[in-house]
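First the structure, in the form of structure tokens, and then the observations on it.
Being a predicted model, the structure only gives us computed values, none of them experimental.
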Amino acid sequence: MEFSETSLPVRTDFEVTEEYLYYLDEALYRIPLKEELNFENKEKVASQIELAGEGQILCYTIDHQQNLYYCTFLSKNMSLTLHKRSAEGKKIYQISAAGLTEWPSSTFPILAADNNENVYLVVNNSIQRYDGEGNLTGELMLDQDLDNSFLTTKTLIEIPDGRILFQIDNSIDGHRQVYQVLEGTMPRLEILEDLTEDMPMSSLCQGLEGLLIQNMDGWLYEYQIDENTWTPLLRWEDSDIYRNEILSIVQLKEDRFLIICHSILSAEKSDHNADRFHPVLLVKTPVEEAPKKEIITLASLFPTIALEEAVVTFNRSSDQYHVTIDTYGATSKFEDNEGAYIRLDSSMTSKSDAPDLLDLTELDVVKYANAGALDDLNDYISRDGNIRKEDFLNNLLEDYTINGKLVSIPKEFNFMGVWITDDRALEAADWTLDSLMEVAGKYDDVRLFPSLWDTPDVMLRVFFSDYMLNKFINRETGQCTMDSDEFCQLLEWVKEQTLQTDNSENSLILPRYLNGFSNYHSALVDAGENKILRGLPSTEGKMAYNVIVKDALGIVSNSCHKDGAWEFLYFFLREAKSSHFTVGQFPTDIAVLNQLAQDISTPEYEESNGVIEKDRDGNPIEKPKQAFFINGKLHRYYAMKKEDAEALLDVINTVDFTPRSALEQSVISIITEEAESFFSGGKTAAQAAEIIQNRVQILISESQ
């Protein structure tokens, strides 16, 4: 199927009847559904000019009697016209709606027909109902707080029994409300609470047997309103569809779906002239007729977009393996998923049902490594020959080598450093936290951190976590000294910092997460002349960069499909490309890292018809690498200096990637939890420290 250059094939463009699939592009077409779907057999119903004249068709629908309803819009006088034609093409009516008060959108349906030749139209913040002859039989005025097309999206959805649903997506609070349009003398709305939720959680569209719900869990469901039942129809991953590339879902028959996809996966980017969109026909196929592939299970409680994308791309390209992601029932990171963690750990010990790959992102890497649950990737690398340890950051591989085994090679990361915003911070020559705290105490006109970071919880979790773990816990003996005077003095100092009344941004250092080269580049330019980036201060003066890794995969020791597991891991590390590197993450692949450094430090120039434009002095006009508004002012960021890019690479090579264990995380959580009573005034520092000491010591003793 080919789409015109100006076409954006959304769900509004398709209508399905028992006999035909209708599609609106440069003309209105229909394709017979008697046999296999064949777009070469499309029949032209009418051209856009025949239907709309000088206007444009915003939306259309086909009722059960094959009548055609459509809305046309003429921009020169902001007029909207409702049309009806019979199945034979005869014009039945043409009605001019009231003058528009808002610009109509062509990306969502504002027109729907029931089974009694009534048609509903959303216009001017109202729902209008017209009968089969074009008479206005009712109008429901919507609440005025919905009268903003830029902040709310209003949608009509037809469901199989002829009822009409009205959906409002509110971009202000990210919430969706769904109503049923009730019949009567005047249309009325009845809210459907079960379909009302946060917009990112799911999306709704029309189906043949019920409402289709594309859920964030990767499944497509059929929803029956009266029974309030969700029936799973398919999982996109099993059909080799990446859920974020789906543009339109059109159900043709009970067992057939036409999916219009963005051409965004690597496999679809073979040339620059590839279609922007491509259609996929999904046909329900018995298991025995499906291609025989070895199933590789990837355990990932919260898979990233990049990982999901890579799985689909791999499955499309492999004739031997099919990777499937198992989340073990985990939902949101912000909800209680204790059951999912228990199920995961139980499966890891199984000799027959263990997953083949484990996504260690945000898991206790040390626990699984010490339990011998992960294979040594060095063995796979040495046997493969197509991948080398030298291809990845050496400090990363060293820190993910536990008990002599390389348990994972994380694909991407970001980290926190601090900008020196006041030269007086450099008086802490050894860069220990003790000396930096001493410097901060010498001056009344500046604080250590800006007020945004000056809360007890943030200071203890982010800045003092490594300091407290190293200073007050003896790793060899397992003894801790959280009840010492020194620890109490630390709590007192943190409280003193947070009680400062100066809310200015004058601080010695400015903490900042660095999320990729572009983010670092803009932070560097904004820092002006003070371009000194350092790690967080520590006990020994070592630069401590708070690092976050993503997509850290390991091969499970009990896996029954280790060859397939390595096949995917190799693909993921070396072949699967990610767009996130340029914006949100740093890659661990040295070649990709160096290429990004070269790209951002290589100037680009404005061109016209392939010729570089020059200024009045004959110098080429440089194009900014990025530009955006900050507080109403446009900021442009041109190519980074090569020495600055090299300095960042030097910093990356010193980052400590050592995974923090769940025990260490628990210690920090205990400290922040129990210290709150001191910061709020309920306990003295000594009283809070005593409770912290008891809880932490018990935790450490039990882990010995």
Counting C-beta onward and ignoring hydrogens, is there a side-chain heavy-atom pair between [X] and [Y] closer than 4.5 Å?
{"X": "Gln66", "Y": "Ile62", "result": "yes"}
{"X": "Ser202", "Y": "Arg176", "result": "yes"}
{"X": "Leu182", "Y": "Gln180", "result": "yes"}
{"X": "Val323", "Y": "Asn315", "result": "yes"}
{"X": "Leu363", "Y": "Leu301", "result": "yes"}
{"X": "Leu80", "Y": "Leu58", "result": "yes"}
{"X": "Ile127", "Y": "Leu189", "result": "yes"}
{"X": "Ile249", "Y": "Ile259", "result": "yes"}

Nearest 0.5 angstrom please: [X] [atom1] to [Y] [atom2], how far?
{"X": "Asn515", "Y": "Asn414", "atom1": "CG", "atom2": "CG", "answer": "4.5 Å"}
{"X": "Asn337", "Y": "Ile342", "atom1": "CG", "atom2": "CD1", "answer": "11.0 Å"}
{"X": "Asn67", "Y": "Ile92", "atom1": "CG", "atom2": "CD1", "answer": "5.0 Å"}
{"X": "Tyr60", "Y": "Arg85", "atom1": "OH", "atom2": "CZ", "answer": "14.5 Å"}
{"X": "Asn244", "Y": "Ile246", "atom1": "CG", "atom2": "CD1", "answer": "8.5 Å"}
{"X": "Tyr93", "Y": "Glu133", "atom1": "OH", "atom2": "CD", "answer": "9.0 Å"}

Show your working on side chain to side chain contact (heavy atoms under 4.5 Å, CB included) between Val181 and Leu140 and close with a plain yes or no. CA-CA 10 Å; Val181 182; Leu140 172 65; over 6 Å; no
Using modelled atom types only, decide if a donor and an acceptor are shared between the side chain of [X] and the backbone of [Y] within a distance under 3.5 Å.
{"X": "Glu50", "Y": "Ser47", "answer": "yes"}
{"X": "Asn135", "Y": "Thr137", "answer": "no"}
{"X": "Gln167", "Y": "Cys205", "answer": "no"}
{"X": "Arg343", "Y": "Ala330", "answer": "no"}

Does the distance from a Lys or Arg side-chain N to an Asp or Glu carboxylate O, for [X] and [Y], drop under 4.0 Å?
{"X": "Lys90", "Y": "Glu88", "result": "no"}
{"X": "Lys550", "Y": "Glu412", "result": "no"}
{"X": "Arg256", "Y": "Glu36", "result": "yes"}
{"X": "Arg163", "Y": "Asp226", "result": "yes"}

For [X] and [Y], which I'm curious about, is there any donor-acceptor pair between the side chains at under 3.5 Å?
{"X": "Asn228", "Y": "Tyr223", "answer": "yes"}
{"X": "Thr297", "Y": "Asp326", "answer": "no"}
{"X": "Thr17", "Y": "Arg30", "answer": "no"}
{"X": "Glu237", "Y": "Thr324", "answer": "yes"}
{"X": "Ser300", "Y": "Asp359", "answer": "yes"}
{"X": "Tyr221", "Y": "Asn215", "answer": "no"}

Taking every non-hydrogen atom, the tightest pair across [X] and [Y]:
{"X": "Leu82", "Y": "Cys71", "result": "CD1-SG, 4.0 Å"}
{"X": "Ile168", "Y": "Tyr179", "result": "CD1-CE1, 4.1 Å"}
{"X": "Pro187", "Y": "Glu139", "result": "CD-N, 3.9 Å"}
{"X": "Lys253", "Y": "Lys34", "result": "NZ-O, 4.2 Å"}
{"X": "Leu258", "Y": "Pro279", "result": "CD1-CB, 4.0 Å"}
{"X": "Phe572", "Y": "Ala306", "result": "CE1-O, 4.2 Å"}

Around [X], counting heavy atoms of other residues, nucleotides and ligands shown, do more than 12 lie under 6.0 Å from its [atom1]?
{"X": "Leu281", "atom1": "CG", "result": "yes"}
{"X": "Gln665", "atom1": "CD", "result": "yes"}
{"X": "Glu40", "atom1": "CD", "result": "no"}
{"X": "Lys284", "atom1": "NZ", "result": "no"}
{"X": "Glu338", "atom1": "CD", "result": "no"}

Given the rule in the side chain to side chain contact (heavy atoms under 4.5 Å, CB included) test, do Trp236 and Leu282 qualify, once you have shown the distances and angles that lead to the verdict? CA-CA 10 Å; Trp236 300 113; Leu282 297 184; 4.0 Å; yes
Step by step, work out the side chain to side chain contact (heavy atoms under 4.5 Å, CB included) result for Val45 and Leu51. CA-CA 10 Å; Val45 177; Leu51 295 174; over 6 Å; no
Contacts under 3.5 angstrom, residues 112-122 side chains, donor-acceptor by atom type, not counting sequence neighbours:
{"unit_1": "Asp114", "atom_1": "OD1", "unit_2": "Asn116", "atom_2": "N", "d": "2.9"}
{"unit_1": "Asp114", "atom_1": "OD1", "unit_2": "Glu117", "atom_2": "N", "d": "3.3"}
{"unit_1": "Asp114", "atom_1": "OD1", "unit_2": "Asn118", "atom_2": "N", "d": "2.9"}
{"unit_1": "Asp114", "atom_1": "OD2", "unit_2": "Asn118", "atom_2": "ND2", "d": "3.1"}
{"unit_1": "Asn115", "atom_1": "OD1", "unit_2": "His64", "atom_2": "ND1", "d": "3.4"}
{"unit_1": "Asn115", "atom_1": "OD1", "unit_2": "His64", "atom_2": "NE2", "d": "3.3"}
{"unit_1": "Asn115", "atom_1": "ND2", "unit_2": "Asp161", "atom_2": "O", "d": "3.2"}
{"unit_1": "Glu117", "atom_1": "OE1", "unit_2": "Lys84", "atom_2": "NZ", "d": "2.6"}

Give the intermediate values and the outcome of side chain to side chain contact (heavy atoms under 4.5 Å, CB included) for residues Gln251 and Val16. CA-CA 8 Å; Gln251 187 174 17; Val16 179; over 6 Å; no
Kindly determine whether Thr304 and Asp551 satisfy side-chain hydrogen bond (donor to acceptor under 3.5 Å, both in side chains), including the steps that lead there. CA-CA 7 Å; Thr304 63; Asp551 294 330; 2.7 Å; yes
Please enumerate all residues that pass side chain to side chain donor-acceptor pair (under 3.5 Å) together with Ser522, with sequence neighbours excluded.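 Partners of Ser522 by the side chain to side chain donor-acceptor pair (under 3.5 Å) criterion come out as none, since no residue qualifies.
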In terms of relative ring orientation, are His83 and Tyr70 parallel, tilted or perpendicular, with 30° and 60° separating the classes?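 Aromatic pair His83/Tyr70 classed parallel.
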